[in-house]
Amino acid sequence: MCSSDLFGLDHIFVIMMENTQYEALLSPSNPNTKFIQQLAADDGLATHYFGVTHTSLPNYIAATSGQTWGSNNDDYAQAPLFNHENLVDQFEAAHVSWKAYMQSLPFPGDLTDQTSNGLYVRKHDPFLMYPDVYTNPSRADNVVPLTQLATDLSTGQVPQFAWISPNICDDMHGGATACPYPASPKSPAQAKLFRDGNNFLQKWVGLITHSSAWTRHSAIFITWDEGGYEDSSPYAPIADRGGPASPILPATPADPTTGSGGDLAGGTVYGGGHVPMIVVASGVGHRVDSVRSDHYSLLQ
């Protein structure tokens, strides 16, 4: 259970990025992620951190409730599965202030699954997947457009816990008209996703660390929900390596005609792939943690 002082921290910021492998982000040969690489060199870095599973939504649920509740897809209709205790329940019981800042969300508490431009998607917004949040307007209204964070930082109204989800372009996912999926790892579209995510983090980490909310007892946790996917059919995950508690799926043999489905075969661990976890904390400097960990570790 959370304590009202967040274990001695004044403010915790969690920024969840999307679908990018550790090696691709932090390789010195990648010219488009230099700010991220500098953060990893200057601040805390977990070198054996993993997504819990694929696809996106169960990773967000894992990081905010401690289980995937059997989910391995992004279907919004499965929301009743998530009718369990979550971070919001614990925060409110412990009188911890919180907000979730969602880039491109039209207005506070908006329950849309996806905006018409495809930039905001509810599968990257775990708070509005929990029935006891999305059916409660006073709770749902704490899920706000990211633009509100700039106001809260400037007015000193930042909550103790702040979750930040970039939109589908700035989180490196891609798939909207403004940022199509890359045709290959070396395509201009992939380079643009790297640059957009890098620029997003440079902007918002800068705004946070230059605000009054950035005290000696505040921290920013930056990670990616899962690793990347292949660029051709059947678009399987690049790696299924998992953390300590990734799910084990029942054997699902590949279709002998198409070959699809093989990424789920064998009844093996279906992990989310190797991703960075970067922790920025005032006065701490560079530290490396090589313990195997995942989104459950972040929640803990």
Side-chain angles (χ1 to χ4, degrees), residues 1-2 14 16-19 50-93 98-102 105 108-115 118 120-143 161 163-165 168 171 173 175 223-227 229 235-237 240 242-252 261 263-273 275 293-300:
M1 183 62 71
C2 309
V14 174
M16 184 68 82
M17 306 294 284
E18 277 279 325
N19 288 34
F50 294 83
V52 169
T53 190
H54 298 288
T55 53
S56 289
L57 180 56
N59 285 290
Y60 287 78
I61 296 300
T64 53
S65 74
Q67 272 212 51
T68 62
W69 307 107
S71 171
N72 280 290
N73 64 73
D74 291 330
D75 187 356
Y76 297 114
Q78 68 184 310
L81 282 177
F82 310 136
N83 192 25
H84 297 278
E85 186 179 28
N86 54 70
L87 266 182
V88 171
D89 299 322
Q90 292 202 345
F91 285 154
E92 297 199 352
W98 69 278
K99 278 185 185 176
Y101 297 91
M102 302 289 155
L105 180 73
D110 189 347
L111 299 180
T112 185
D113 291 341
Q114 179 174 312
T115 52
Y120 166 83
V121 289
R122 190 157 60 106
K123 65 183 180 181
H124 297 167
D125 177 355
F127 301 92
L128 291 180
M129 292 300 300
Y130 293 115
D132 70 353
V133 178
Y134 70 71
T135 62
N136 184 330
S138 66
R139 287 181 160 193
D141 283 350
N142 270 16
V143 183
F161 178 87
W163 176 287
I164 300 168
S165 285
I168 211 164
D171 66 7
H173 185 289
T223 192
W224 282 253
D225 72 322
E226 57 182 314
Y229 288 76
Y235 306 104
D240 290 344
S246 291
I248 297 177
L249 298 189
T252 308
D263 60 309
L264 305 183
T268 57
V269 172
Y270 190 46
V275 296
S293 55
D294 60 16
H295 297 323
Y296 294 129
S297 311
L298 168 64
L299 177 61
Q300 186 180 34

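Below, each value reflects all heavy atoms present in this structure, side chains not excepted, and no hydrogens, waters or symmetry copies.
- Between N142 and F91 there is no side-chain heavy-atom pair separated by less than 4.5 Å.
- In this structure the side chain of N19 reaches within 4.5 angstrom of the side chain of D225, judged on heavy atoms.
- Between the side chain of S165 and the backbone N or O of H124 there is at least one donor-acceptor pair closer than 3.5 Å.
- Looking at heavy atoms from C-beta onward, Y120 lies in side-chain contact with D125 at the 4.5 angstrom threshold.
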Handout entry: side chain to side chain contact (heavy atoms under 4.5 Å, CB included) between V133 and L128, worked out
Key = CA-CA 6 Å; V133 178; L128 291 180; 4.2 Å; yes
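- Applying the side chain to side chain donor-acceptor pair (under 3.5 Å) test to S71 and every residue at least two apart in sequence or in another chain returns Q78.
- What you find for D141 and P108 is that their closest heavy atoms are OD1-O, 3.6 Å.
- Here the side chains of Y76 and R122 are in contact, with some heavy-atom distance below 4.5 Å.
- Looking at every heavy atom in both residues, M102 comes nearest to F127 through CE-CD1, 4.2 Å.
- Interatomic distance, F50 CZ to D294 CG, rounded to the nearest 0.5 Å: 9.0 Å.
- For the residue pair S56 / E226, a side-chain donor-acceptor distance below 3.5 Å is found, with atom types taken as modelled.
- Applying the side-chain contact (heavy atoms from CB on, under 4.5 Å) test to A63 and every residue at least two apart in sequence or in another chain returns M16, W163, H295.
- Remark: L299 pairs with L87 by the side-chain contact (heavy atoms from CB on, under 4.5 Å) rule, at least two apart or across chains.
- Among all heavy-atom pairs drawn from D132 and T135, the shortest one is CA-OG1, 4.1 Å.
- Listed by chain and residue number, V88, W98, R139 satisfy the side-chain contact (heavy atoms from CB on, under 4.5 Å) test with E92 (two or more places apart in sequence, or in another chain).
- Listed here is the closest heavy atom pair of A62 and T68: CB-CG2, 4.2 Å.
- For S65, the side-chain contact (heavy atoms from CB on, under 4.5 Å) partners two or more places apart in sequence, or in a different chain, are I61, W69, N86, Y130.
- Every pair passing salt bridge (Lys or Arg N to Asp or Glu O under 4.0 Å) that includes a residue from residues 67-83 is listed here, sequence neighbours excluded: D74-K123.
- Without hydrogens or angle criteria, N59 side chain to T53 main chain gives a donor-acceptor distance under 3.5 Å.
- The NE2 atom of H84 lies 11.5 Å from the CG atom of D89; values are rounded to the nearest 0.5 Å.
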